[in-house]
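In this chain, residues are counted from 1 in sequence order. Remember, it's a predicted structure, so these values are computed and weren't measured experimentally.
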Amino acid sequence: MSASGTAAGAGPARESRRAALAAFVWAVVFTAMHVYWFAGGRFGLGDAPEVVPEATTTSDRIQGAVITGMFAVGIVLPLALTRPWGRRIPRWAALFCLWTGAALVAVRGGAGLLDTALRGTGLARNGLTGLTYEQITGDAHPSAYTIWSGVCVDAYFVLGGILYGLTALRLGRRARPGRPVTAE
């Protein structure tokens, strides 16, 4: 027992739980906003004329199904890591999903922020993507509200990458059976 009266592993376990809960809350808000936008909501998207493309091809529908599956894993996995039933998930599988999710959302958000910064500073008129504002937003001269809405969405992606990465780090540091637990 440590001086605080808790087992040495309680600190790392508590930190792992907090990181997983933060990732869970991030994923719930992320998913709720996407459902809201899919249902026609506009808050957070700026005033661009068309921001949610329709799925018109089989490829679009397959992509949508894969993304929906990723949303489900992104919500359930961090929650599972805080519940007794989540112990049935192999550590390697949880870490693979967490690191993959962290990388995907961090790169997506970081690339969006860099794309906007390149356009905004004039260093690259068409940003990283090579697309004009009109091709992206449907407006050749988007309002500051539209641009800042995009920046906020991209920053939220980066936050998700950080939270999933932190959850993966914490899970990876927790003691495995047969190995001693050390306080962090």
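Interatomic distance, SG of C152 versus CH2 of W148, reported as 7.5 Å (0.5 Å rounding). Atom-to-atom distance recorded for D47:CG and D139:CG is 7.0 Å, nearest 0.5 angstrom. To the nearest 0.5 Å, atoms CD1 (I136) and CG (D115) are separated by 5.0 Å. How far OG1 of T116 is from CG of L128: 9.0 Å, rounded to the nearest 0.5 Å. With rounding to the nearest 0.5 Å, the separation of OG in S16 from CG in L21 is 11.0 Å. Taking CG from L171 and CG from L81, the interatomic distance works out to 5.5 Å, rounded to the nearest 0.5 Å.
Without hydrogens or angle criteria, T31 side chain to V28 main chain gives no donor-acceptor distance under 3.5 Å.
By the criterion of side-chain heavy atoms lying less than 4.5 angstrom apart, applied directly or through intervening Ile, Leu, Val, Met, Phe, Trp or Tyr residues, V35 is not grouped with F71; the two fall into different hydrophobic clusters. A single hydrophobic cluster is not seen to contain both L113 and Y156; linkage of ILVMFWY side chains at heavy-atom distances under 4.5 Å, directly or through other members, places them apart. Hydrophobic cluster membership differs between L98 and W92, with clusters built from Ile, Leu, Val, Met, Phe, Trp and Tyr side chains linked at under 4.5 angstrom. Cluster annotation: M33 is connected to I67 through the hydrophobic network of ILVMFWY side chains, with a link wherever side-chain heavy atoms come within less than 4.5 Å.
Under a cut-off of 6.0 angstrom, the local environment of CH2 in W85 is crowded, with over 12 non-hydrogen atoms contributed by other residues, nucleotides or ligands.
Across all their heavy atoms, C97 and L77 have their closest contact at CB-CD2, 3.5 Å.
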side-chain contact (heavy atoms from CB on, under 4.5 Å) assessment of I147 paired with R119: CA-CA 10 Å; I147 292 169; R119 276 192 191 86; over 6 Å; no
Would you please test N126 and L131 for side-chain contact (heavy atoms from CB on, under 4.5 Å) and show each step? CA-CA 5 Å; N126 294 339; L131 300 173; 5.8 Å; no
For a side-chain hydrogen bond (donor to acceptor under 3.5 Å, both in side chains) check, start with the C-alpha distance between T167 and R17, then their side-chain angles and the critical distance, and finish with the verdict. CA-CA 8 Å; T167 302; R17 181 177 166 84; over 6 Å; no
Might you work through the side-chain hydrogen bond (donor to acceptor under 3.5 Å, both in side chains) test for T146 and S143, ending with a clear yes or no? CA-CA 5 Å; T146 298; S143 69; 3.2 Å; yes
Run the numbers on L169 and W99 for side-chain contact (heavy atoms from CB on, under 4.5 Å), then give the verdict. CA-CA 9 Å; L169 280 173; W99 282 121; 3.8 Å; yes
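Residues W26 and V105 are in side-chain contact: their nearest non-hydrogen atoms beyond the backbone lie under 4.5 Å apart. Taking the side chain as every heavy atom from C-beta outward, L45 and S149 never approach each other to under 4.5 Å. The closest side-chain heavy-atom distance from F24 to I75 is below 4.5 Å. Two residues are said to be in side-chain contact when any heavy atoms from C-beta on lie closer than 4.5 Å; D154 and R108 meet this criterion.
Ring planes of W37 and H34: perpendicular class, angle over 60° (limits at 30 and 60°).
Among F157, Y36, Y164, the one residue that satisfies the ring-ring contact (aromatic ring centres under 6.0 Å, His included) test with F30 is F157.
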